[in-house]
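Read through the structure below, which is laid out as structure tokens, and then see the notes.
Residue numbers begin at 1 in each chain, while the letters A, B, ... track the order of the sequences. Since the model is a prediction, treat every value here as computed from it, not as a measurement.
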There are 4 protein chains.
Amino acid sequence: MDATATGSPDHGTGTPTDAPGGPATRGRPRDPGRDAAILDAAVDVLAEVGYAALTMDAVALRARAGKATVYRRWASKDELVLDAVRRLEHQQVPVDPLPDTGSLRGDLLALFRPEPAEETARRDRAAAGLVSVLSHRPELAGAAHRSLVGPWAHAHRTVMARAVARGEVDPGADVGILAQVLPTMAAYRALVQRAPFDEAFLLAVVDGVLLPALRPPAAPPR
Amino acid sequence: MDATATGSPDHGTGTPTDAPGGPATRGRPRDPGRDAAILDAAVDVLAEVGYAALTMDAVALRARAGKATVYRRWASKDELVLDAVRRLEHQQVPVDPLPDTGSLRGDLLALFRPEPAEETARRDRAAAGLVSVLSHRPELAGAAHRSLVGPWAHAHRTVMARAVARGEVDPGADVGILAQVLPTMAAYRALVQRAPFDEAFLLAVVDGVLLPALRPPAAPPR
Amino acid sequence: MDATATGSPDHGTGTPTDAPGGPATRGRPRDPGRDAAILDAAVDVLAEVGYAALTMDAVALRARAGKATVYRRWASKDELVLDAVRRLEHQQVPVDPLPDTGSLRGDLLALFRPEPAEETARRDRAAAGLVSVLSHRPELAGAAHRSLVGPWAHAHRTVMARAVARGEVDPGADVGILAQVLPTMAAYRALVQRAPFDEAFLLAVVDGVLLPALRPPAAPPR
Amino acid sequence: MDATATGSPDHGTGTPTDAPGGPATRGRPRDPGRDAAILDAAVDVLAEVGYAALTMDAVALRARAGKATVYRRWASKDELVLDAVRRLEHQQVPVDPLPDTGSLRGDLLALFRPEPAEETARRDRAAAGLVSVLSHRPELAGAAHRSLVGPWAHAHRTVMARAVARGEVDPGADVGILAQVLPTMAAYRALVQRAPFDEAFLLAVVDGVLLPALRPPAAPPR
DNA sequence: GCCTAACCGAGACGGTACGTCCGGTCTTTTT
DNA sequence: AAAAAGACCGGACGTACCGTCTCGGTTAGGC
């Protein structure tokens with residue numbers, strides 16, 4: 001269900017008769033290399049001309065693929081673009097080895113790794129594409145949101161929970177909502193405002209919003 | 001420059017007193033009523049079928065206008081839709097008489113006034129349109145952002161400044177960034193996430209983020 | 001009836017109150033010079049770009065006239081083009097002083113006056129226009145035919161009648177149909193075939209068709 | 001050159017054996033059935049509403065074809081209409097078994113075979129279309145003329161030559177031009193004058209022009 | 001080692017919206 | 001009231017692109 005809803009390639013492993021005893025994969029199997037080639041082409045075209053001017057023919061041509069090969073994997077332009085954007089976003093969420101600097105502020109800042117300018121431009125074009133997809137297919141909004149800010153929010157939640165465990169911050173803080181603040185505001189910047197997500201903004205949010213809201217409720221000794 | 005950048009209708013050639021001895025306005029002048037009729041039609045169609053299915057022919061037909069009359073004023077579908085969205089946004093000044101309940105929490109909650117459901121649906125469709133326009137013309141992102149969250153952020157800033165003046169909150173708080181938190185997160189919800197901006201979310205942000213971050217540093221022992 | 005049917009300009013001498021005692025020509029009278037200016041412009045445009053590419057705006061622009069001024073005189077593009085063609089054709093029917101060389105053959109050949117090549121090209125473009133008008137408005141076909149081949153056929157009829165009176169030709173000949181042969185074939189050449197109406201063709205028809213058909217029925221002395 | 005000049009559908013790229021090692025025909029081949037379906041639809045629409053009101057959308061709709069499929073074969077409305085007219089003309093070979101009644105007059109009259117009224121109307125609309133095409137593309141005039149009057153003139157020439165061989169007519173007659181008289185005048189009637197090509201006219205030309213011009217020079221004393 | 005089904009590139013296909021152009025009408029100001 | 005200028009409605013034009021279908025040809029299995 002998730003695969004269909006989010007537009008990821010429909011790898012035809014599941015034929016109608018998927019029952020035990022009859023996988024019966026007859027005929028030539030799909031070339032898995034085409035998936036990546038098409039997705040790469042889509043990312044390139046998206047970054048070069050934007051969503052509005054992206055055509056399926058152009059993607060197919062650049063991937064040296066036929067249009068049928070594309071449509072066998074993605075049901076529509078929107079599905080393809082959505083996956084292309086995801087590929088772009090996914091490969092740069094830096095939360096795989098979660099930083100652990102010992103302080104909450106250090107962790108939060110470390111989660112933001114500046115990227116090369118070239119990559120930034122790429123992401124900006126992709127953001128335009130994603131936004132447009134959402135306007136065409138609102139039912140994908142949830143999936144896109146989860147995929148975009150979900151990992152970031154999860155990382156923030158983890159880092160904040162560790163700070164709580166360390167006794168560094170207010171144990172009664174609403175970590176659930178606080179963990180969403182920075183990812184959401186950053187996503188809004190990228191998708192709608194198109195302003196750069198620079199370090200100044202990062203510091204303003206961390207030092208002006210998150211840390212004040214999390215700071216312990218006043219030390220007993222007055 | 002403004003006209004081009006923002007897509008507003010390109011009204012004729014110059015003011016009546018163009019130049020000394022100038023030819024003045026010759027020929028039939030543009031009918032200003034057509035501007036409004038077309039924009040209204042665009043807003044209607046946008047609200048009914050959304051951006052992707054909005055057709056210039058449909059707009060022209062509903063406005064009882066020829067397509068040439070539409071294209072004489074807006075150079076493309078995107079320009080027209082952008083103006084239509086703007087009209088929608090403009091006509092809802094969110095906080096004309098700024099609430100003053102005496103407490104910061106009361107003010108913040110009062111700023112969120114539930115609107116009739118019908119109006120909400122209308123604005124949601126329009127938001128979809130706006131988002132799509134942004135994906136086609138990223139250079140308009142700044143203007144759209146200012147018109148969407150600008151007024152809200154300004155209202156929040158005022159309310160917070162009053163709380164500072166009352167001595168209710170931490171005078172050293174970064175009101176500049178804090179005033180953006182709720183408007184930005186709300187806009188993200190509406191434009192990208194397509195989740196309802198309901199009261200639960202409002203309370204979570206106010207009580208979990210804004211008030212904690214603003215509370216005075218030296219709380220009396222609880 | 002003829003004026004309306006053929007599209008000649010509707011010179012507004014006849015206002016609704018044309019009754020005796022009340023000519024009452026009120027308001028600014030029509031500028032008769034505009035008729036000629038517009039017609040000249042139409043002829044020029046027709047000759048330059050042909051019927052298909054002739055636009056009313058182009059004609060009005062070249063005549064330095066407003067479109068309303070054109071439409072006040074001619075009800076449609078077809079009517080105007082028809083008149084333009086007529087002006088072109090009319091001014092070169094050379095039958096005003098009917099030639100009288102003393103012999104039928106001399107008269108027939110004299111009716112054909114070679115024209116400068118520049119004028120020929122003009123006529124060719126005009127012919128295209130006429131033909132197209134007829135395809136749009138078949139009801140004008142009769143009028144166009146009468147105006148184009150009518151004068152020529154009348155001239156031929158006169159010349160042949162004189163030959164009959166002189167006893168030069170068979171008195172029982174069907175002059176009615178014979179007088180149409182050359183004008184009709186010439187018009188066909190000009191309008192449809194677009195072959196030059198050159199002297200060779202003229203001689204072939206005169207010497208191969210008309211004179212043989214008209215020659216006296218064999219002299220009594222064998 | 002021929003294809004372009006005449007507007008016939010542009011079938012694919014080259015013959016199967018294009019060049020040694022050539023890429024041969026790749027991709028889905030053109031469906032030849034669409035050619036005929038579109039042409040048929042064009043003929044129908046032409047006959048129903050005439051050239052001026054013929055719409056490419058109407059043709060495509062009736063042929064259940066997309067507009068791209070039409071424009072892939074014909075570059076413009078004119079090209080398509082020309083081919084449609086040609087199809088109409090082609091399918092009426094006027095004189096397959098040449099009549100041989102024994103007399104020139106009998107043969108000439110027999111060449112005119114009345115056709116069903118329905119067919120006449122069809123051809124008349126088609127003639128209007130042909131004429132209009134000529135006005136848009138004068139360079140096709142020659143071809144149209146050859147296809148329209150060529151076969152008829154050829155038939156007349158044959159019949160007249162037989163009469164010469166029989167000694168029935170003047171052996172010195174200019175059969176070349178005489179054979180064109182009736183076809184040309186008939187075509188003029190149909191295309192320009194829009195008068196019916198009725199039997200009265202036929203008899204007038206045959207008895208008033210052709211037979212008198214062809215009669216032997218030494219008639220027995222009447 | 002063949003047979004067969006499903007793959008692949010290429011591109012034609014139906015449908016639909018785009019933005020342009022033009023015919024004929026209407027509405028200004030100026031003469 | 002006519003003239004010049006030009007905006008107005010309606011509708012056809014030719015282009016572009018989406019998603020589907022159909023070619024010839026290739027590439028795995030299964031027999």
Of the non-hydrogen atoms in A60(D) and V70(D), which two are nearest, and what is the gap between them?
CB-CG2, 4.1 Å
On a heavy-atom basis, which atom in T69(B) and which in R34(B) lie closest, and how many Å separate them?
CG2-CB, 4.4 Å
Quick check: does any side chain N or O of T55(C) sit under 3.5 Å from a backbone N or O of A58(C), one acting as donor and the other as acceptor?
yes
Test item: R73(B) side-chain N/O and L80(B) main-chain N/O as donor-acceptor pair under 3.5 Å:
no
Please report the distance, rounded to the nearest Å, between [atom1] in [X] and [atom2] in [N].
X	N	atom1	atom2	answer
L80(A)	dC17(F)	CG	P	16 Å
D31(C)	dA1(F)	CG	C1'	13 Å
R72(C)	dG24(E)	CZ	C1'	14 Å
Y71(C)	dA3(F)	OH	C1'	17 Å
E79(D)	dC13(F)	CD	P	14 Å

With D57(A), which residues qualify under salt bridge (charged side-chain N to carboxylate O under 4.0 Å, His left out), at least two apart?
K67(A)
Report the nucleotide, chosen from [options], that has the shortest atom-to-atom distance to any side-chain atom of [X].
X	options	value
R30(C)	dA2(F), dT15(F), dC8(F)	dA2(F)
T69(B)	dC8(E), dC9(F), dC13(E)	dC9(F)
S76(D)	dG30(F), dG14(F), dT28(E)	dG14(F)
A68(B)	dC13(E), dC22(E), dG23(E)	dC22(E)
K67(B)	dA10(E), dG15(E), dA12(F)	dA12(F)

Starting from the 5' end of DNA chain E, give me the residue, K77(C) or P29(D), whose nearest nucleotide shows up first.
P29(D)
Should [X] be listed as having a side-chain N or O under 4.0 Å from OP1 or OP2 of [N]?
X	N	answer
R26(D)	dG24(F)	no
R64(A)	dC8(E)	no
R34(A)	dC7(E)	no
R73(B)	dC8(F)	yes

What contact category does A65(B) fall into here, base, sugar-phosphate, or nothing, at under 4.0 angstrom with non-hydrogen atoms?
sugar-phosphate
Which of residues 48-61 of chain A have a heavy atom under 4.0 Å from DNA chain E?
none
Determine whether a donor-acceptor pair (one donor, one acceptor, N or O, separation below 3.5 Å) exists between the side chain of R28(A) and the base of dT26(F).
yes
The answer to which of D78(A) and A75(D) contacts DNA chain F further toward the 5' end, by nearest nucleotide, is A75(D)
Name all residues meeting the side chain to side chain donor-acceptor pair (under 3.5 Å) criterion together with R62(D); count only those two or more places apart in sequence or in a different chain, and write none if there are none.
E48(D)
Pairwise side-chain contact, L82(D) with D78(D), heavy-atom cut-off 4.5 Å (strictly under)
no
Is any side-chain heavy atom of Y51(A) closer than 4.5 Å to a side-chain heavy atom of V85(A)?
no
